[in-house]
Amino acid sequence: IALGFGFPFYGEPRDSVSVGSDGWLSFTATSGANGNQRLPTPGEPDALLALLWDDLDPSAGGTVLVHADAEAGRFVAQWNEVPHYRYGGGGEPVTCQAILAADGTIRYQYRTVADEQGCSVGIEDDAGARGLEVVFNGPYLRDGLAVEFRPLPPVDWARLEPATGALEPGLNHATTLH
């Protein structure tokens, strides 16, 4: 799905995203495991935004909605009353959304998550090597919660001299932070 703007993610500009029915978005993958994993994970999906990565089941009800607003520099994906997949049926529905802003901010909002304790929440890079895990299969999510990721601004106010170097064991050398 076209974002309608450039979105910076792990230093790479992105212009489109895939929305997985199982509570995730990806800038590279179009499919992935329906069961959540720890983050980061080398398996698909990579370049991952795990909003509520679990085995959700839109075929049993609810909808997955997207809205791209190029003018405002904002993209929203929402899982609306989508139940968890449960053998025999009866999974509790969740309503949550991921909001991407042109400045690189990612915001996850949880309206209703029932008693959700079996999901992954976080982000990971294209290789599945670096990431930020907020929670994995733990009691963290609750109704009304929001989680936000913001890119760090460049550090142009600090400089270390010397910037690199090596010392033999037992020696020391002064460095200056400007």
Side-chain angles (χ1 to χ4, degrees), residues 1-33 36-54 56 58 62-82 94-113 116 119-138 140-160 163 177-178:
I1 300 169
L3 294 173
F5 56 91
F7 181 79
F9 188 71
Y10 281 97
E12 297 293 324
R14 313 305 173 118
D15 60 5
S16 65
V17 67
S18 295
V19 178
S21 60
D22 290 317
W24 56 263
L25 298 92
S26 174
F27 296 108
T28 60
T30 57
S31 65
N36 64 309
Q37 300 170 30
R38 291 207 74 107
L39 298 174
T41 181
E44 291 289 332
D46 287 323
L48 175 68
L49 291 92
L51 165 70
L52 196 155
W53 183 16
D54 199 12
L56 301 181
T63 54
V64 180
L65 307 164
V66 297
H67 176 74
D69 186 341
E71 191 173 307
R74 192 170 113 145
F75 177 88
V76 180
Q78 179 169 315
W79 289 257
N80 192 55
E81 297 292 319
V82 176
V94 299
T95 297
C96 55
Q97 60 184 202
I99 303 168
L100 284 64
D103 68 357
T105 300
I106 302 165
R107 185 177 177 93
Y108 299 159
Q109 297 184 148
Y110 304 92
R111 182 172 182 192
T112 55
V113 290
E116 183 52 54
C119 69
S120 296
V121 175
I123 60 175
E124 79 171 28
D125 69 1
D126 290 38
R130 295 179 299 157
L132 177 58
E133 181 178 83
V134 175
V135 68
F136 173 71
N137 290 345
Y140 180 76
L141 296 183
R142 65 182 185 282
D143 293 354
L145 178 72
V147 175
E148 189 169 271
F149 304 89
R150 291 180 180 218
L152 293 174
V155 179
D156 58 359
W157 53 267
R159 190 175 75 252
L160 187 63
L177 178 62
H178 300 279

J.: Taking all non-hydrogen atoms of both residues into account, name the closest pair between Val17 and Ser26 and its distance.
T.: CG2-O, 3.3 Å
J.: Under the ring pair (Phe, Tyr, Trp, His ring centres under 6.0 Å) test, which residues partner Phe7, sequence neighbours left out?
T.: Phe27
J.: Taking the side chain as every heavy atom from C-beta outward, state whether Tyr108 and Leu49 have any atom pair closer than 4.5 Å.
T.: yes
J.: Looking at Ile123, Thr41, Val121, Leu39, which hits side-chain contact (heavy atoms from CB on, under 4.5 Å) with Glu133?
T.: Leu39
J.: Looking only at non-hydrogen atoms, find the nearest pair between Asp103 and Pro151 and report the distance.
T.: O-CG, 3.4 Å
J.: Given side chains that start at C-beta, do those of Val94 and Tyr110 come closer than 4.5 Å, heavy atoms only?
T.: no
J.: Just so I know, are the side chains of Asp46 and Glu124 near enough to count as touching, which here means a heavy-atom distance under 4.5 Å?
T.: yes
J.: Please examine the side chains of Val113 and Asp143, heavy atoms only from C-beta on, and report whether any two atoms are closer than 4.5 Å.
T.: yes
J.: Applying side chain to side chain contact (heavy atoms under 4.5 Å, CB included) to Asn36 and Trp24, what does each step give before you reach the verdict?
T.: CA-CA 10 Å; Asn36 64 309; Trp24 56 263; over 6 Å; no
J.: My understanding is that only residues two or more places apart in sequence, or in another chain, count here; which of them pass salt bridge (Lys or Arg N to Asp or Glu O under 4.0 Å) with Arg130?
T.: Asp125
J.: Does some side-chain heavy atom of Val19 sit less than 4.5 Å from a side-chain heavy atom of Trp79?
T.: yes
J.: SG/Cys119 to CG/Asp54 distance, rounded to the nearest 0.5 angstrom?
T.: 6.0 Å
J.: Side chain of Thr95, backbone of Thr112: donor and acceptor closer than 3.5 Å?
T.: no
J.: State whether the side chain of Asp15 and the backbone N or O of Gly6 hold a donor-acceptor pair below 3.5 Å, judged by distance alone.
T.: no
J.: For Ala101 and Phe5, work out which heavy atoms get closest and say how close.
T.: C-CE1, 3.9 Å
J.: Write down the atom of Pro8, the atom of Gly104, and the distance for their closest heavy-atom approach.
T.: CG-CA, 3.7 Å
J.: For the side chain to side chain donor-acceptor pair (under 3.5 Å) test, which of Gln78, Arg111, Arg107 pairs with Gln97?
T.: Gln78
J.: Between Asp69 and Glu71, is there a donor-acceptor pair closer than 3.5 Å when you use the side chain of the first and the backbone of the second?
T.: yes
J.: I need the Leu48 CG to Asp126 CG distance, nearest 0.5 Å.
T.: 10.5 Å
J.: How close do Ala29 and Pro45 get, counting heavy atoms only, and between which atoms?
T.: CB-CB, 3.6 Å
J.: Do you know which two heavy atoms are closest between Leu3 and Arg14, and how far apart they sit?
T.: CD1-O, 3.8 Å
